[in-house]
Peer 1: 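Before I ask anything, let me first share the structure, which is written out below as structure tokens.
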Amino acid sequence: MIADRRIRVLLAKPGLDAQHDRGYFIVGRALREAGMEVIMAGKYLTPAQIAQASIQEDVDFIGLSLLSGTPLAIVTPLLERLKEMAGENIPILLGGIIPKREVPELQKLDILGLFGPGTPTNKIVEFIRQKAGAAKE
Amino acid sequence: MYEKKKLEEIKKERERYEKTTLEKVLSKVPEKDRKFTNLSGIEIKRLYTPEDVKSSDYLGDIGFPGEYPFTRGVFPGGFRSREWTRRQVCGFGTPVETNERLRFLFENGQTGFSVVFDHPTNNNLDSDHELSVGFVGREGCPIDTLWDMQTLLEGLDQREISANLITGSPSLYAMYLAVADEREVPRDCLRGTLQNFALTGWSSGPKVRDNMRYSVDQLDFAALHQPLWNPLSISVRNVRDGGCTAVQEAAFGLAGGIAYIEHMLKRGHDIDKFASRITFFLNAHNDLFEEVAKYRAMRRMWARILREHFGAKDPRSWMMRFHVQTSGDSLTAQQPLNNIVRTSLQALAAVLGGAQSMHVNSVDEAFAIPTEDAAVLSLRTQQIILYESGVANTVDPLGGSYFVEHLTDRIEEEVNQLIEKIDGMGGMVEACASGWVARQTQDSAWEYQKQVERNERIVVGVNEFQSEKESMPIEVFEVDPVLEKKQIERLKKVLKERDEAKAEKAKKDLLDVCRGKENTMPATIEAVKAYVSVGEIGGIYDEALGEDLSNACASQ
């Protein structure tokens with residue numbers, strides 16, 4: 001799926017939490033240092049805006065930073081919008097507060113990159129590289 | 001602090017000591033192979049002596065607590081006469097749940113009342129807005145209309161309580177006043193604080209300048225009508241959690257204060273009529289001495305800025321009073337019980353630095369907002385420091401420590417340099433608008449992250465001393481998702497039942513005022529009394545400026 005080019009990742013902060021942006025910027029820099037192309041889509045974004053930007057930018061991964069503890073409320077409509085634009089195969093990664101009770105449901109939706117507080121950035125880099133490699137083969 | 005002759009003698013003796021006693025021991029027991037720096041990157045020496053204390057003038061630079069330049073504190077009696085206010089933040093679910101938690105904390109000996117609001121509310125949006133989905137009542141209490149504020153304050157006497165509203169939304173301040181009016185509590189006896197600080201760096205661009213107008217309107221309005229109210233809390237505490245250093249936190253705060261004062265002077269106010277109502281909201285992070293020195297340096301600098309730069313004459317205008325919340329970014333999800341120890345040390349730093357009030361973060365806050373038990377534990381932490389440890393028995397107990405006085409001077413120097421740089425950019429408003437403050441904060445956060453990932457900084461349980469048994473069992477607080485629906489129903493009910501003609505008139509009046517130059521607070525108060533919602537009022541603010549949130553705030 002992924003041609004011979006740099007891995008492209010779109011990072012976004014969905015919804016209204018513009019204040020807790022430390023993880024969003026840290027992960028952005030870490031992925032860039034690892035040689036990936038990172039599109040910092042911004043804050044205050046709706047699921048529709050994130051889906052649209054991801055399609056337009058033709059990204060390989062979408063990373064969302066969330067501290068509200070409500071990933072399902074954001075990911076579910078995002079997947080619907082992506083599906084409408086034929087982008088449902090773009091893997092989604094989540095960083096921030098991911099309550100245990102939502103994990104099984106997220107896994108059912110094929111959201112496998114779940115990164116809580118204290119995750120070293122190289123773990124995220126490795127996860128993306130591995131997934132990108134698998135997609136290439 | 002010492003005579004020249006005495007200092008020369010000390011220098012000679014120190015050199016002898018280093019060549020003999022010290023060298024002999026270090027050759028056998030060398031120092032650990034790690035950097036001895038504090039979190040601002042300032043190198044810390046092995047030992048400090050009188051030679052390191054630049055403040056040669058005790059009376060001029062250090063002085064007595066309660067007197068200029070207030071290095072040792074703003075109250076002469078310290079905690080012996082005025083204990084710091086224990087003020088745990090609270091807010092979640094709907095106003096009903098938040099009100100219950102507030103009353104619970106009061107019953108447990110809390111002396112102040114501090115409410116945090118959710119993201120939709122702080123962004124002037126209603127709970128039923130598209131962007132609010134998943135954020136209603138999660139990280140704070142939602143407020144849509146006056147009914148919510150009435151519910152929030154049920155059973156709490158506004159004459160008795162000191163209320164801290166952690167928000168910059170003018171609608172909430174207006175609602176607090178509207179409830180007081182309803183209860184016939186005179187405005188001039190209300191005690192409390194508004195966060196109301198627009199210079200955090202989270203949004204950049206012209207939005208910052210516009211936000212300043214509504215923010216200064218609140219300060220302006222309170223200065224005229226409420227002598228006991230603190231209408232501006234310079235909130236750099238959260239910027240620090242975003243990753244900036246102690247030096248940056250202090251510089252951003254002081255430069256922010258200068259910007260507000262300049263706005264108020266431009267509006268024709270007398271400095272001594274409002275300066276004493278400005279307070280600070282600061283972080284307490286891991287490095288204990290750095291934090292203590294930060295508070296002391298800021299107090300001295302604020303006093304000098306107010307007296308020497310702005311010419312304030314009333315000593316109360318020179319005093320930097322501050323509230324502390326312990327750091328959030330230092331809490332770990334790994335081995336979470338360790339957070340109790342971290343927050344205790346951070347709280348100790350705030351006490352040693354002479355804080356006026358404090359919130360101690362809870363053991364479970366790397367996961368969620370605290371459970372009831374965790375919130376009580378934070379309150380108990382404060383009570384143990386105050387009543388058991390003995391540190392509150394004397395004023396500024398670290399004053400005179402060669403190290404702490406040296407670090408206080410050093411931080412003052414570095415903060416001064418940074419403030420000059422900000423001045424050169426046109427002040428803090430422009431430094432935020434251009435995105436510079438945000439970039440500085442991100443650069444420091446990234447630097448810290450790299451240090452942790454390279455194991456140059458040890459974070460217990462995260463990059464060292466990890467446990468096999470991953471997480472210690474702690475209970476995590478959950479907000480029932482049903483509450484989001486309940487809040488939306490509360491909003492719908494008000495919108496359906498309100499006097500529509502009255503609401504429309506109030507909206508039109510507010511828009512007219514916003515388009516002009518006069519203070520927007522009186523018209524905002526009339527609007528909330530007519531049950532115009534927070535989202536509607538925010539919409540009117542934006543309409544008057546020809547802005548919309550999605551464009552204005554998409555900062556990078």
Side-chain angles (χ1 to χ4, degrees), chain A residues 11-34 38-50 53 64 66-78 96-102 115-125, chain B residues 118-123 125 129-139 200-203 238-239 241-243 328-329 331-336 366-369 438-439 441-443 445-446 448-450 452-453 459 461-463 471 476-479 481 484 549-556:
Chain A
L11 294 185
K13 267 199 80 71
L16 292 170
D17 179 7
Q19 183 177 329
H20 297 107
D21 57 8
R22 186 166 174 167
Y24 168 70
F25 286 113
I26 293 267
V27 171
R29 291 204 188 189
L31 300 186
R32 256 180 211 153
E33 282 218 343
V38 183
I39 292 107
M40 302 296 279
K43 309 174 184 178
Y44 296 108
L45 298 172
T46 61
Q49 288 169 319
I50 296 169
L64 304 177
L66 267 173
L67 274 87
S68 55
T70 53
L72 273 176
I74 307 291
V75 168
T76 313
L78 174 60
I97 304 296
I98 301 151
K100 278 198 184 123
R101 109 190 95 80
E102 292 202 356
F115 302 101
T119 305
T121 53
N122 61 22
K123 212 171 149 185
I124 303 171
V125 170
Chain B
D118 67 5
H119 289 296
T121 306
N122 283 331
N123 281 294
L125 293 179
H129 191 278
E130 188 189 5
L131 277 167
S132 302
V133 178
F135 290 93
V136 176
R138 293 294 172 158
E139 294 153 275
T200 54
W202 290 303
S203 51
N238 301 332
V239 186
D241 258 7
D329 64 313
L331 302 180
T332 64
Q334 294 75 12
Q335 305 179 17
F367 299 100
I369 57 171
R439 281 195 303 278
T441 305
Q442 291 155 23
D443 287 348
W446 177 236
Y448 178 80
Q449 182 72 22
K450 283 194 294 190
V452 171
E453 294 196 3
V459 183
V462 175
N463 63 359
S471 45
V476 174
F477 185 77
E478 286 187 18
V479 178
E484 182 158 337
L549 179 83
S550 50
N551 289 332
C553 284
S555 66
Q556 45 212 307

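Just so it is clear: chains get the letters A, B, ... in the order the sequence lines come, proteins before strands, and each one is counted from 1. The figures here come from the full heavy-atom set of this structure, side chains too, leaving out hydrogens, waters and symmetry mates.
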Peer 1: Quick one: closest heavy-atom pair of B:A445 and A:R22, and the distance?
Peer 2: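 Distance-wise, the nearest heavy atoms are CB-NE, 3.7 Å.
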
Peer 1: If you measure from OH on A:Y44 to CG on B:N123, what distance do you get to the nearest 0.5 Å?
Peer 2: 4.0 Å

Peer 1: Check A:P14 against B:F135 and note the closest heavy-atom contact, atom names and distance.
Peer 2: O-CZ, 3.4 Å

Peer 1: So which part of B:D241 gets closer than 4.5 Å to some heavy atom of chain A, the side chain, the backbone, both or neither?
Peer 2: backbone

Peer 1: Sort A:I97 into side chain, backbone, both or neither according to what part of it lies under 4.5 angstrom from a heavy atom of chain B.
Peer 2: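 For A:I97, the side chain is the part near chain B, not the backbone.
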
Peer 1: Just give me the residue among B:V459, B:D443, B:T441 that pairs up with chain A most often, heavy atom to heavy atom, under 4.5 Å.
Peer 2: B:D443

Peer 1: Could you measure the distance from the CG atom of B:D329 to the NE2 atom of A:H20? Nearest 0.5 Å is fine.
Peer 2: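 Answer for the CG-NE2 pair, B:D329 versus A:H20, is 10.0 Å.
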
Peer 1: Tell me, side chain or backbone of B:Y448 under 4.5 Å from chain A's heavy atoms, or both, or neither?
Peer 2: side chain

Peer 1: Which bit of A:A48 is near chain B, if near means a heavy-atom gap under 4.5 Å: side chain, backbone, both or neither?
Peer 2: neither

Peer 1: Go through the steps for A:T121 and B:E453 under the test side chain to side chain donor-acceptor pair (under 3.5 Å), then give the verdict.
Peer 2: CA-CA 8 Å; A:T121 53; B:E453 294 196 3; 2.6 Å; yes

Peer 1: How long is the gap from CZ on A:R29 to CD on B:Q442, to the nearest 0.5 Å?
Peer 2: 6.0 Å

Peer 1: Roughly how far, to the nearest 0.5 Å, is the CD atom of A:Q19 from the CD atom of B:E139?
Peer 2: 8.5 Å

Peer 1: With a 4.5 angstrom heavy-atom cut-off, could you sort out which part of B:V133 is near chain A: side chain, backbone, both or neither?
Peer 2: both

Peer 1: Just give me the residue among B:T332, B:V462, B:N238, B:N463 that pairs up with chain A most often, heavy atom to heavy atom, under 4.5 Å.
Peer 2: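 Between B:T332, B:V462, B:N238, B:N463, the count favours B:N238.
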
Peer 1: Over all heavy atoms of both residues, which pair between A:P117 and B:A366 is shortest? Give the atoms and the distance, please.
Peer 2: CG-O, 3.6 Å

Peer 1: First locate atom CD of B:E130, then atom CD of A:Q49, and finally report the distance between them rounded to the nearest 0.5 Å.
Peer 2: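 The CD atom of B:E130 sits 7.5 Å away from the CD atom of A:Q49.
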
Peer 1: What part of A:D17 lies closer than 4.5 angstrom to a heavy atom of chain B: side chain, backbone, both or neither?
Peer 2: both

Peer 1: Let's test your reading of the structure: which of A:N122, A:L67, A:I74, A:L66 forms the most heavy-atom pairs below 4.5 Å with chain B?
Peer 2: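 Ranked by contacts with chain B, first place is A:L67.
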
Peer 1: Side chain, backbone, both or neither: which part of A:P120 has an atom under 4.5 Å from a heavy atom of chain B?
Peer 2: both

Peer 1: Please flag which part of B:T200 lies under 4.5 Å from any non-hydrogen atom of chain A: side chain, backbone, both or neither.
Peer 2: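 Neither part; nothing is under 4.5 Å.
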
Peer 1: Of all the heavy-atom pairs spanning A:L16 and B:P120, show the shortest one and how long it is.
Peer 2: CD1-CA, 3.4 Å

Peer 1: Please state whether the side chain, the backbone, both or neither of A:P47 comes within less than 4.5 Å of a heavy atom of chain B.
Peer 2: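 Neither part; nothing is under 4.5 Å.
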
